[in-house]
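Quick notes on the structure that follows.
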Amino acid sequence: MSQGRPSTRQLMLLGLAQAVLFIVGALLGRWLGLALGLDAFSPGGYSNSAVFGILLIGLGGGAGAQLARAWFTRKYGSPRS
């Protein structure tokens with residue numbers, strides 16, 4: 001672990017990791033929703049199944065971003081130091 005502020009390269013790595021894992025998490029949430037019959041993009045409007053499908057996409061994306069942040073903190077320390 002490095003001491004002090006993270007370098008610009010390390011912070012760029014954090015941003016890239018968060019972006020990639022956000023997309024991966026959102027896709028996993030979408031696929032899980034489809035497997036459960038919760039289609040976020042169904043033509044029926046904002047039905048209960050569509051809202052829960054949207055929720056799964058959001059939760060998956062957020063979980064992916066948090067996973068990237070946890071990895072960064074474990075490897076390089078807090079980005080806010």
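What you see is a predicted model; the values in this text were computed from it and never measured.
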Which heavy-atom pair separates [X] from [Y] by the least distance, and what is that distance?
X	Y	result
Ala50	Gly45	CB-O, 3.5 Å
Ser47	Ser42	OG-OG, 4.4 Å
Leu13	Tyr76	CD2-OH, 3.6 Å
Phe72	Pro6	CZ-CB, 4.1 Å

Item to check | Listed once per pair and sorted, the side chain to side chain donor-acceptor pair (under 3.5 Å) pairs that draw on residues 50-72, sequence neighbours left out | outcome: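 Qualifying pairs, neighbours excluded: none.
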Checklist entry - Remaining members of Ile57's ILVMFWY cluster at a side-chain heavy-atom cut-off under 4.5 Å? => result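 Listed partners: Phe41.
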Checklist entry - To which residues is Leu59 joined in a hydrophobic cluster, defined by side-chain heavy-atom contacts under 4.5 Å among Ile, Leu, Val, Met, Phe, Trp and Tyr, whether direct or through other members? => result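 Besides Leu59, the hydrophobic cluster comprises Leu32, Leu36, Leu38, Phe52, Leu55, Leu56, listed by chain and residue number.
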Checklist entry - Are Leu21 and Leu28 connected in a single hydrophobic cluster, I mean Ile/Leu/Val/Met/Phe/Trp/Tyr linked by side-chain heavy atoms less than 4.5 Å apart? => result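 The answer is no; the residues belong to distinct hydrophobic clusters.
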Checklist entry - Any chain of hydrophobic side-chain contacts (each under 4.5 Å) joining Trp31 to Ile23? => result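 In one cluster with Trp31: Ile23, yes.
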Next on the checklist: Show, in sequence, the C-alpha distance, side-chain angles and deciding distance for Arg30 and Ile54, and conclude whether the side-chain contact (heavy atoms from CB on, under 4.5 Å) test is met.
Outcome noted: CA-CA 8 Å; Arg30 167 88 170 127; Ile54 293 167; over 6 Å; no
Checklist entry - Going from CG on Leu14 to CD on Gln18, what distance comes out if it is rounded to the nearest 0.5 angstrom? => result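 The CD atom of Gln18 is 4.0 Å from CG of Leu14, to the nearest 0.5 Å.
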Next on the checklist: Are Leu11 and Pro79 packed together at the side-chain level, in the sense that at least one heavy-atom pair is separated by less than 4.5 angstrom?
Outcome noted: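 Yes, at least one pair of side-chain atoms sits under 4.5 Å.
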